[in-house]
Amino acid sequence: MQLLKQPQTEQEYWECLYSLGSSLYATEHDLCDGRIDDPDGEVARDQSQGYEIGRRLISEACDKFGLIHPNDIPRNTTGQLPPLPPGKKMYFNDWLQAKRREWLTLEYHKTICSGCILSEGLEEFILREGGICCSLSHSLGILVHSDTCDLVEPIWDDHWSRRRLLTNIRARGGQAAVIVFRQKEAELKTAAKNT
């Protein structure tokens, strides 16, 4: 495993660490569950290289952005939280969570759910790691198309008509909620055309 592009900005470091961590976790999980065979140890070597890249990126990010390295967090034996970091510094793990929240907030506002009164809101979206947060259907995962409600997607056997969706929106929040939904829908479709 090797790093294809050296991150430069704070956002690039976070994205790289997030992607790397997700990949390492998924591969480790698949190895442990027997979904991946590794008779010659190649996957294990890649994993080891990935962890080494991660350690290097963590050290670089801490140095570059004034973060407190996980190894430098004061330890205590009483189970209390570590003391507040000095000055304007931040603990590395707190930085990771803050950047994750920032990213998920941006992602939420790129979805039709952010303009829908039926949505359970940003906090649920963050809690579900970007999963659909609809008060009418808790069984959906990630949106098929960010500018279309999955309840009207024909991939589901019991998909709704657009009229049924708008009727439910109107029942929950009145005509104003329908207007907000349509405005968000138009905004997302315009953004999609411009990319």
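All residue numbers refer to positions in the sequence shown, counting from 1.
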Open item on the list: Between Trp95 and Glu10, do the side chains contain a donor N or O and an acceptor N or O under 3.5 Å apart?
Closed with: yes
Task: Pair Glu123 + Arg101, salt bridge at N-O below 4.0 Å - done: yes
Open item on the list: Are Met90 and Tyr13 linked, directly or through intermediate hydrophobic residues, by side-chain heavy-atom contacts shorter than 4.5 Å (ILVMFWY only)?
Closed with: yes
Task: Atom pair CD1 (Ile169) and CG (Leu118), whose distance is rounded to the nearest 0.5 Å - done: 5.0 Å
Task: Polar side-chain atom of Asp30 near backbone of Ile36 as donor-acceptor pair, under 3.5 Å - done: no
Open item on the list: According to a hydrophobic-cluster definition based on side-chain heavy atoms being under 4.5 Å apart (Ile, Leu, Val, Met, Phe, Trp, Tyr only), do Leu122 and Ile117 belong together?
Closed with: no
Task: Closest heavy-atom pair and its distance - Tyr91, Leu84 - done: OH-C, 4.1 Å
Open item on the list: Tell me whether Leu20 shares a hydrophobic cluster with Leu31, the cluster being built from Ile, Leu, Val, Met, Phe, Trp, Tyr side chains joined at under 4.5 Å.
Closed with: no
Open item on the list: On a heavy-atom basis, which atom in Val180 and which in Gly115 lie closest, and how many Å separate them?
Closed with: CG1-O, 3.6 Å
TODO: Would you confirm whether Ser23, through its side chain, and Ser19, through its main-chain N or O, come within 3.5 Å as a donor-acceptor pair?
DONE: no
Task: hydrophobic_cluster_shared for Met1 and Leu57, side chain cutoff 4.5 Å - done: yes
Open item on the list: Nearest 0.5 angstrom please: His69 NE2 to Asn93 CG, how far?
Closed with: 10.0 Å
- [ ] Could you grab the distance from atom CZ of Arg170 to atom CG of Leu165, nearest 0.5 Å is fine?
- [x] 10.5 Å
Task: Shared hydrophobic cluster, Tyr108 / Ile126 (ILVMFWY, side-chain heavy atoms < 4.5 Å) - done: yes
TODO: Kindly compute the distance separating CD (Gln8) from CD (Glu60), expressed to the nearest 0.5 Å.
DONE: 9.0 Å
TODO: Can you measure from CG (Asp94) to CD1 (Ile73) and round to the nearest 0.5 angstrom?
DONE: 7.5 Å
Task: Sidechain-backbone polar pair: Asp40 side chain, Glu42 backbone, donor-acceptor under 3.5 Å - done: yes
Task: N-O pairing of Lys99 and Glu102 below 4.0 Å - done: yes
Task: Straight-line distance of Arg182 CZ to Cys116 SG, nearest 0.5 Å - done: 12.5 Å
TODO: Give the minimum heavy-atom separation between Leu188 and Ser146, together with the two atoms involved.
DONE: CD1-O, 3.6 Å
